[in-house]
Each structure stands twice: as C-alpha cells, then as structure tokens.
Amino acid sequence: MDFENNLRNIKESISRAKEAGAVIRIGPELEIPGYGCEDHFLEQDTVTHSWECLKDLLLGDWTEGILCSIGMPILQDSVRYNCQVFCLNQRIIMIRPKMCLANDGNYREFRWFSSWTLKDHLVDFHLPDTIAEALSQESVPFGFGYIQFLDAALAAETCEELFTADAPRIGLAFNGVEIFTNASGSHHQLRKLNLRMDAMKNATRFCGGVYIYSNHQGCDGGRLYYDGCSCVAINGDVVAQGSQFSLKDVEVLLAQLDLDAVSSYRGSISSFREQASRKSKISFVKVPHKLCQTFNLRMSPSSPVKIRYHVPEEEIAFGPSCWLWDYLRRSGASGFLLPLSGGADSSSVAAIVGCMCQLVVKVSYVPLALSRSKLRRFIAQYALCSNLTDIRNGDEQVKADAIRIGHYKNGDFPTDSKEFAKRVFYTVYMGTENSSDATRNRAKNLAEEIGSWHLDVAIDSVVSSLLSLFQTLTGKRPLYKVDGGSNVENLGLQNIQARVRMVLAFMLASLLPWVHNKPGFFLVLGSSNVDEGLRGYLTKYDCSSADINPIGSVSKQDLRSFLRWAAIHLGFSSLADIEAAPPTAELEPIRSNYNQLDEVDMGMTYEELSVYGRLRKIFRCGPVSMFQNLCHKWCGRLTPSEVAEKVKHFFKYYSINRHKMTVLTPSYHAESYSPEDNRFDLRQFLYNSRWPYQFRKIDELAKELDRDSALLPESNGQGEDGVSESGNGSGMGVVVAGSENPKAGL
Ligand SMILES: Nc1ncnc2c1ncn2[C@@H]1O[C@H](COP(=O)(O)OP(=O)(O)OC[C@H]2O[C@@H]([n+]3cccc(C(=O)O)c3)[C@H](O)[C@@H]2O)[C@@H](O)[C@H]1O
Ligand SMILES: Nc1ncnc2c1ncn2[C@@H]1O[C@H](COP(=O)(O)OP(=O)(O)OP(=O)(O)O)[C@@H](O)[C@H]1O
Ligand SMILES: NC(=O)CC[C@H](N)C(=O)O
C-alpha cells in the first residue's frame, strides 16, 4: 500500500536495468500496490492508485527501448484480475491476467481475484479514460496469449503457474514461445528453495526456453518474508541467481541469453518436436520491435551457475533477521526489547537480533581496506549482493535507516555491530527466587557477546505484593506443590511470575528509551517456539505475548541446531552452553529432589512434539490416522497401546490449549507445520478435549493390533522420519515401482 515507495523502487530497477543494457525488465507479482495488500485489493482505491502509478511510468521515458512487465490488479468487466501489464515505448502492448491462483496455506487469492479461464482468444480491453487520454491509446489485447516480436516470442506466467500440473508454458512452448517471464510473490519457508529452483530447471528442461523469474524480497507488512532469489534459467540450467536474504530495497539481476540455443535444444528432442507439431494455436500480439542483437564479441551469453542453497541454520539466521530489520525500520520504533531468560528460545531470538545488527553494519559499511578476496568471502557468506561494486559502496538506504534508528549524530553511522546493538537492543533478565545463577549468567554472557543493553532485575517483590493483595482479598495464600500446595495453587504461582514479566517488559520497552533520552519506543520481542505453542506449554499472556516473534513457527529441534551453528558462525560462543542445558521454565522452587524440566512437565519430548506437529499439519492427520502412522514409525519400540496413550495425550493437551493459538504473537512464518491460528492453520479453538469418538476408535484399534503384533516378528519401524509424502497410513496399499534395485518400492 506504499505506492510512492513502490513506484520509486520500480523506477530505480528500470533505470538500473537500462543502464546495464537490458532489453527486458520484469518485476515481482502485483508490484505496484505490493503482493500482500489482502483485503485492500477489494478497495477500488487500490486499483485506481495502481493505474495512476502505471500512468506516471508510461508518461516518463521509463519504458523507452525496454520491455517492462509490471504487476497490478485490474478490473475487466467488473471482475478483478491479478495482471502483468507489458509496456514498451510508452504504450501498453498486452495484459496477461493470472490463470492459476494461489489459494493454499498462506495464500487466499480467490478472495480478491478471479482466475482468467478464456484460453482461445484475446479480448479487447478498454483502458480507463484517464489512461487512454494520457497515452492516446484506447484499448489493449487482454488474456492468455503471447507477444510475437520481430525476432522472438515472449509470454508470461505468474507465480503459482510455475507449480501447476497443467502449466500454461507447455502450450506456449509448442507455439514457439522462447522467453517466459514469471512475476512472483513467493514466501520463505525453511528448506523450500529447492522446490522453486527445481520447478524452474524442469520447466526449461522439458520445454526448452528461457525462464525469467522475479520475486519480492522482504517483509510485506505481515508474517511472511518473501525471499527473493530471482533467477534466470535456460534449457534446464540456471544462469543467474539473486540473493535470497537481503536488506536492500532494489536488487537487479542480469543475464544475457542466446535464443538460438533454445531452438537448437528444442529441435534436438524428438518427442518435443512431435508434440509441438500437433499443437493447438494460441493467440498472439504482433509487435514490430526487435529484442535481440546479432552475434558480436562484446556480449557473451551467461554461463550456468551452481545454485546457492543456504543450510537451514543460515535460513533461520538470515530470514528472520531481515524480516526484523524491515519491520523495525518501517514501524517507527527505535529498537527491540527482549526478555532474555538464558534458555534456548529467547537466546535464539537474541542471536537473530545480533545477526541483524551484523548484517546492517556489513551492508551499510564495508571498510575500504577489505581486500578483494576477503570481499568475495564476505559475499559468499552473506549472499547479500550479486555485485562487488554494490557492496563496496555500501547501501545508502540501509545506512540512512540505521542512522535514523540508532540516533547517530554529526555524520556518524554504525561501523561496529556490538556498538549498534547497544543502541537498538535491550535485553532483560527478570529473576525470581526460582531462577538459577546458571541461567542468569548465560543471559548476561550472551548479552555481552551481542552487545545489547542488558538489565538484570529481581521481580520477587512484585510477585509477593500481588500475593499479599490476593491474601488480603481472600484470606488465603497459595503454596507450591513441593511445599504441599495443590496443582491449582502451583499453577497460579507459576503464572503470576510469568505474567509479571510480560507487564514489566512492556513497561521497560516504552519507558527505557525516555530514560536514555531517545525518542520513540522499543518493540517487545516474543520467543515462544512452535512446539510449545502446539502443546500449549506456555502461560497465556506471559512473555509469549509480545509485539512480534521471529521464531514462532520454528521447532525446538531446528532452534537447537541453529544455536550450535550460531555459536560458531555468528561468533556468540556462549550459545553452545545454552544449547547443551536442559530446557526448564524455572517457575517452581528447585529442591534437592526436584528440578522443573520442560519435557517432564509436558509428558512428551520435543522430538515427539515435532513428529506430532508435522503429522497433524503437513500430513493432515486426525487422531486415528496419526495413531496408525505412529504404529508404523514406532513399531518395535512401543506397543500399539503405548502409541495410543501418547497420541491421546498429545491431542488432549493440543485441544485444551488451542485457545492460546488465537492470541499468538504475530510470528515470522517459517514452516509448514506452523499451528498459527490467524492466517495459516485455521481450526476451531473450543474442542471436546476427550475426543470420545476418535479415542474410542484408537483404543479399539490398539487392542486389535496389540493382539496381532504379539504374533509378528520384531521390526524397527520405518526409520528416522517414517512418514511418506504419499500416504497417511490409513488405506495403505503396496506399490512396486519398476527399478533395478530389488528393494525399492517394497
Ligand atoms: N477453552 C478456553 N477458551 C479460552 N480460554 C481458556 C479456555 N480454557 C482456559 N482458558 C483460559 O486460559 C487460562 C489457562 O491458561 P494459562 O493461564 O496459560 O495456564 P495453564 O495452561 O493452565 O498453565 C500454563 C502452563 O504453561 C507452563 N509454562 C508456563 C510458563 C513457562 C513455561 C515454559 O515453557 O517453560 C511453561 C506451566 O508450567 C503450565 O503447565 C485459564 O485460566 C483461562 O483464563
Ligand atoms: N528469568 C527470565 N528473565 C527474562 N525473561 C524470562 C525469564 N523467564 C522467562 N522469560 C521469558 O518468558 C518466555 C517464556 O518463558 P518460558 O519459561 O516458557 O521459556 P521458554 O519458552 O522455555 O524459552 P527459553 O528457552 O527462552 O527459556 C521466555 O522465552 C522469555 O522471553
Ligand atoms: N503468489 C503465488 O502464486 C504463490 C505460489 C506458491 N504457492 C509459492 O509459494 O511460491
């Protein structure tokens, strides 16, 4: 919805493309209003402002000599479409509405757009009056088709169309289209990039052709981080790949392609030739303009590159830290405050903020003394820029934002990440009588390594004031279980401590900047992870309630490997210690014979929780099919009755606590097993937590299976993950695929 800024970025990208001699420039999906406007797409204003911005572009000389594909919403016969508008030499030459809308998971495009279904001809679209007058152009071809230039044919796909079974490009390739563009709004998810890259490689491997893919990058005002990685592929090879994580507003990726290689490649595949000869004709628009240059030695085609994939630990570090930076610079806040317990979760968040500070300093300031080889190492490590000069110069926008947020004066700017962290990051340890020196010291050491402004506060006096007030009101004072109290008393005492921390965190975040003579406020960071959310092992409205949470959809398992990675690669060595410590809430008194531990409290391990979480969400398992799946997975280790007890225990607590998901702090979406209730995992929050029907079925099955398994030989289950993408356990069949390996498919 930031039209002004978006238009500025579009113009910047076109000028840089032109400067580099490009003849085609493609931007991401719906780039004029932004991809994530959601219900703002229902407002007529959004469409009108998009036309106004397009008019501005067309009236300038931006499209002179360069084919620009610009994304925006368009109303045609009162129906709204998600469109790519092709512009050249101040004219609109074709509009291509999206045909396969994205409507799974985080996507709800059908709520705002209709898919274009007319495939046999292009229609005449009458441009809005103001545009028609300004351009002296009344109408433009609209629909499914391609643009036939004098020397090449080009057509668009839009994001999801890359992933659909019946992809538009197939028929287009048979019609001789050599160049495909894809304007995309695709979000980051751990371990997802290879799906996208494989789709692109395969698209051009099977049909031949050039694929130019452009994606948004950054936080679009919501929980998603669009992870860029724009790229260009030809005949199955990627020849240019942009950064996946970056703090920059504009990144231009360039490639030079030899279109003769496309016809030669296609001509070499007999089956392609056969199918192309039987093609159905697709409509096209003729444009008397040349895109290509004849052979010359000044230009050489881009060579295949090795695709860069970050390991998941790097994805956890860079994705959320770039998201946090975008959020911070656009929210008007002056920094972050984190309640830091010295445990794995809040320490992961602290490390991510530390990583953000390192990136900001590295992108806004590169010491000139850095040698070329060190610079290359730097680029390889952070994969932030594709261009040495870019990075050498530093990014002016990042620098300007850092100066504003860090309140630097007299021409100063951040040159040291710890010094920058001291300005924009408060951490606070809020201890009680139940806290240990070990966690207190871990928090302090980590804060020192990161450079945050660290406070160590004792909150016992606040807790005991509340208890005294309660005693005055009721005449009773609750006791911990270890001191003879009931479960209710024990829980009440834990929750007072947890909630006091939340109140204090918000108070400090709003008032500490004032104490330090800084304008503005700090945002409170939350640090509950996906597993405790799913199990409900958190106090509603304690520190799990914050302004934003960078790790809310990351599992404990992934966080622990992130901590091990970050101890080495981010240079926060105390994280190794933190990772090795057993997770504890420290809300109950420690006694010689009692020490509160998460996994004991929860009645399940984090590893088990991770398995339940994936089966529930990714594999769409209800209680019975989860039980069936786990009987296979844990076969030999647990009896069916033991599996049944575990599954029932999980579903009981999941359903009792589901209401907590409705108030989950907005979190970075990183995983497809996220239980986030508001946008991604839509389910009721009041259940019959006894699940009488489902649990009875499980019990019946377990009884039967216990009998059967007593007769079976011992087996070790299905190994590590034990869950296959192709089945959820119910209705199993045997599939034998033809293969030279006799064990395959059995
Ligand atoms: N169906 C429903 N719909 C809407 N709201 C409902 C509800 N049922 C209860 N509630 C509300 O929710 C409250 C119960 O939730 P809550 O107050 O959270 O209380 P509760 O879930 O009973 O207890 C918190 C749990 O989290 C554990 N904990 C706390 C802090 C840190 C950690 C850690 O990870 O280390 C663990 C703690 O040991 C305990 O097991 C009720 O008092 C009621 O107000
Ligand atoms: N002693 C403390 N000082 C500051 N913040 C705390 C303290 N104890 C808990 N918190 C905050 O409350 C959140 C929830 O507490 P909880 O005990 O559930 O920790 P957790 O979810 O296991 O996370 P962690 O691994 O960070 O301890 C923590 O992530 C942290 O932000
Ligand atoms: N905008 C879209 O069409 C999204 C498509 C696809 N599901 C993705 O994540 O990339």
Side-chain angles (χ1 to χ4, degrees), residues 28-30 35-36 82 98 100-107 109 157-164 182-189 192 195-196 199 215-216 224 226-227 338-350 427-432 434-436 439-440 442-443 455-459 487-488 490-495 497-499 501-502 504-505 524-529 531-533 535-546 549 551 556 559 563 578 581 583-588 596-598 601-602 606 653 655-660 662-663 685-687 689:
E29 188 171 9
L30 292 166
Y35 181 74
N82 170 350
K98 191 169 181 178
C100 315
L101 299 185
N103 220 49
D104 301 313
N106 289 294
Y107 297 94
E109 290 188 5
E157 287 197 332
T158 312
C159 200
E160 181 76 5
E161 290 167 2
L162 171 63
F163 304 95
T164 47
N182 186 311
S184 187
S186 187
H187 70 284
H188 174 233
Q189 203 166 281
K192 174 186 170 196
L195 291 181
R196 209 188 283 152
N215 190 16
H216 286 283
L224 304 185
Y226 296 90
D227 60 338
L338 172 71
L340 180 61
S341 70
D345 298 331
S346 47
S347 300
S348 299
V349 174
T427 46
V428 48
Y429 183 87
M430 294 175 268
T432 67
N434 302 321
S435 305
S436 65
T439 55
R440 175 176 286 110
R442 282 185 200 123
L455 284 170
D456 187 337
V457 196
I459 59 167
N487 278 338
V488 174
N490 199 45
L491 214 50
L493 283 174
Q494 293 183 58
N495 289 355
Q497 301 163 64
R499 289 192 176 115
R501 287 188 177 122
M502 184 273 284
L504 189 59
V524 179
L525 291 178
S527 52
S528 61
N529 65 59
D531 300 313
E532 51 195 26
R535 161 64 176 74
Y537 188 64
L538 54 92
T539 295
K540 201 176 186 179
Y541 303 116
D542 72 344
C543 283
S544 57
S545 295
N549 176 356
I551 61 159
K556 191 85 166 185
L559 284 175
L563 288 175
I578 290 170
T584 164
E586 296 199 326
L587 291 167
E588 293 181 72
Q596 187 181 25
L597 294 175
D598 284 11
D601 256 8
M602 291 193 293
Y606 280 109
Y653 282 99
S655 53
I656 286 178
N657 287 309
R658 181 70 195 179
H659 63 93
K660 294 182 183 174
T662 62
V663 294
F685 51 92
L686 181 60
Y687 287 87
S689 56

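Both counts, for ligands and for their atoms, begin at 1 and track the order of listing.
Annotation for Leu587 and Ala498: closest pair CD2-N, 4.3 Å, computed over non-hydrogen atoms. The two residues Gly342 and Ser347 make their nearest non-hydrogen contact at C-OG, 3.7 Å. When every heavy atom of Tyr541 is checked against every heavy atom of Ser545, the shortest pair comes out as CA-OG, 3.1 Å.
Under the 3.5 Å distance criterion, the side-chain polar atoms of Glu161 are matched with a main-chain donor or acceptor of Cys100. A distance-only check finds a donor-acceptor pair linking the side chain of Thr662 to the backbone of His659 [under 3.5 Å]. When atom types are taken as modelled, the side chain of Asn529 and the backbone of Glu532 share a donor-acceptor pair closer than 3.5 angstrom. A donor-acceptor contact shorter than 3.5 Å is absent between the side chain of Arg501 and the backbone of Pro339.
Atom 26 (O) of ligand 1 is flagged as protein-proximal [any protein heavy atom, distance under 4.0 Å]. At a distance under 4.0 Å, a protein heavy atom can be found next to atom 39 (C) of ligand 1. At least one protein heavy atom sits closer than 4.0 Å to atom 11 (C) of ligand 1. Less than 4.0 angstrom separates atom 44 (O) of ligand 1 from none of the non-hydrogen atoms of the protein.
For ligand 3, the atoms lying closer than 4.0 Å to a non-hydrogen atom of Lys192 are 8 (C), 9 (O), 10 (O). Close approach of ligand 1 to Asn495 (heavy-atom distance below 4.0 Å) involves ligand atoms 16 (P), 17 (O), 19 (O), 23 (O), 24 (C). Taking every non-hydrogen atom of Glu109 and a distance limit under 4.0 Å, the qualifying atoms of ligand 3 come out as 1 (N), 2 (C), 3 (O). Annotation for ligand 1: atoms under 4.0 Å from non-hydrogen atoms of Asp598 are 35 (O). Every atom of ligand 1 with a heavy atom of Glu532 under 4.0 Å away is listed here by number and element: 34 (O). Residue-ligand proximity, Ala102 to ligand 3, at heavy-atom distances under 4.0 Å covers atoms 2 (C), 3 (O), 4 (C). The atoms of ligand 1 that sit less than 4.0 Å from any heavy atom of Asn657 are 21 (O). Below 4.0 Å from some heavy atom of Tyr35 lie the following atoms of ligand 3, by number and element: 1 (N), 2 (C).
Residues meeting the side chain to side chain donor-acceptor pair (under 3.5 Å) test with Lys98, sequence neighbours left out: Glu29, Glu109.
The single protein non-hydrogen atom nearest to atom 10 (O) of ligand 3 is Ser186 OG, 2.4 Å, given as residue, atom name and distance. The protein non-hydrogen atom at the shortest distance from atom 33 (C) of ligand 1 is Tyr537 CE2, 3.4 Å. Nearest protein neighbour of atom 7 (N) of ligand 3, counting heavy atoms only, is Glu160 OE1, 3.0 Å. Regarding atom 35 (O) of ligand 1, its nearest protein heavy-atom neighbour is Ala585 CB, 2.9 Å. From the protein, the heavy atom lying nearest to atom 17 (O) of ligand 1 is Arg499 NH2, 2.6 Å. What sits closest to atom 2 (C) of ligand 3 on the protein, heavy atoms only, is Cys159 SG, 2.9 Å. Thr539 OG1, 3.0 Å is the protein heavy atom nearest to atom 29 (C) of ligand 1. The nearest protein atom to atom 3 (O) of ligand 3, hydrogens excluded, is given as Lys98 NZ, 2.8 Å; this is a heavy-atom distance. Scanning all protein heavy atoms for the shortest distance to atom 37 (C) of ligand 1 gives Gln494 OE1, 3.6 Å.
Evaluated by nearest non-hydrogen atom to atom 2 (C) of ligand 1, the leading choice among Lys660, His659, Gln497 is His659. Closest heavy-atom approach to atom 30 (C) of ligand 1 among the candidates Leu587, Ile656, Thr662, Asn487: Leu587.
Counted by atom type alone, Ser341 and Glu586 present zero donor-acceptor pairs between their side chains at under 3.5 Å.
Put simply, the side chain of Lys192 reaches to within 4.5 Å of the side chain of Ser186, judged on heavy atoms. Within the 4.5 Å cutoff, the side chain of Lys540 has heavy atoms near those of the Arg499 side chain. Lys660 places none of its side-chain heavy atoms less than 4.5 Å from the side chain of Phe685. Contact of the Tyr107 side chain with the His187 side chain is registered, since non-hydrogen atoms from C-beta on lie closer than 4.5 Å. You'll find the side chain of Ser184 stays beyond 4.5 Å of the side chain of Thr158, heavy atoms only. Residues Pro28 and Tyr226 form no side-chain contact, since every pair of their non-hydrogen atoms from C-beta on lies 4.5 Å or further apart.
The pair Asp598-Arg535 does not count as a salt bridge, with every side-chain nitrogen at least 4.0 angstrom from each carboxylate oxygen.
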What are the distances between nitrogen or oxygen atoms of ligand 2 and protein nitrogen or oxygen atoms, counting only those under 3.5 Å?
unit_1, atom_1, unit_2, atom_2, d
ligand 2, 1 (N), Met430, O, 3.0
ligand 2, 1 (N), Arg501, NH2, 3.4
ligand 2, 3 (N), Met430, N, 2.7
ligand 2, 8 (N), Arg501, NH1, 3.2
ligand 2, 21 (O), Asp345, OD2, 3.1
ligand 2, 21 (O), Glu532, OE1, 3.1
ligand 2, 21 (O), Glu532, OE2, 2.7
ligand 2, 23 (O), Asp345, OD2, 3.2
ligand 2, 25 (O), Ala344, N, 2.9
ligand 2, 25 (O), Asp345, N, 2.8
ligand 2, 26 (O), Ser341, OG, 3.0
ligand 2, 26 (O), Ser346, N, 2.7
ligand 2, 26 (O), Ser346, OG, 2.6
ligand 2, 27 (O), Ser341, OG, 2.6
ligand 2, 29 (O), Ser527, OG, 2.7
ligand 2, 31 (O), Pro339, O, 2.7
ligand 2, 31 (O), Ser527, OG, 3.3

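When heavy-atom distances to ligand 1 are checked against a 4.0 Å cut-off, Arg501 has no atom that comes that close, whether in backbone or side chain.
Taking the six-membered ring where tryptophan is involved, the planes of Tyr35 and His216 are tilted, since the angle between them lies from 30° to 60°.
Distances between N or O atoms of Lys540 and those of ligand 1 include at least one value under 3.5 Å. Between Thr584 and ligand 1, not a single N/O pair is under 3.5 Å apart.
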| message | Under the criterion side-chain hydrogen bond (donor to acceptor under 3.5 Å, both in side chains), I'd like the reasoning laid out for Thr539 against Asn495: C-alpha separation, chi angles, the key distance, then a yes or no. | response | CA-CA 6 Å; Thr539 295; Asn495 289 355; 2.7 Å; yes

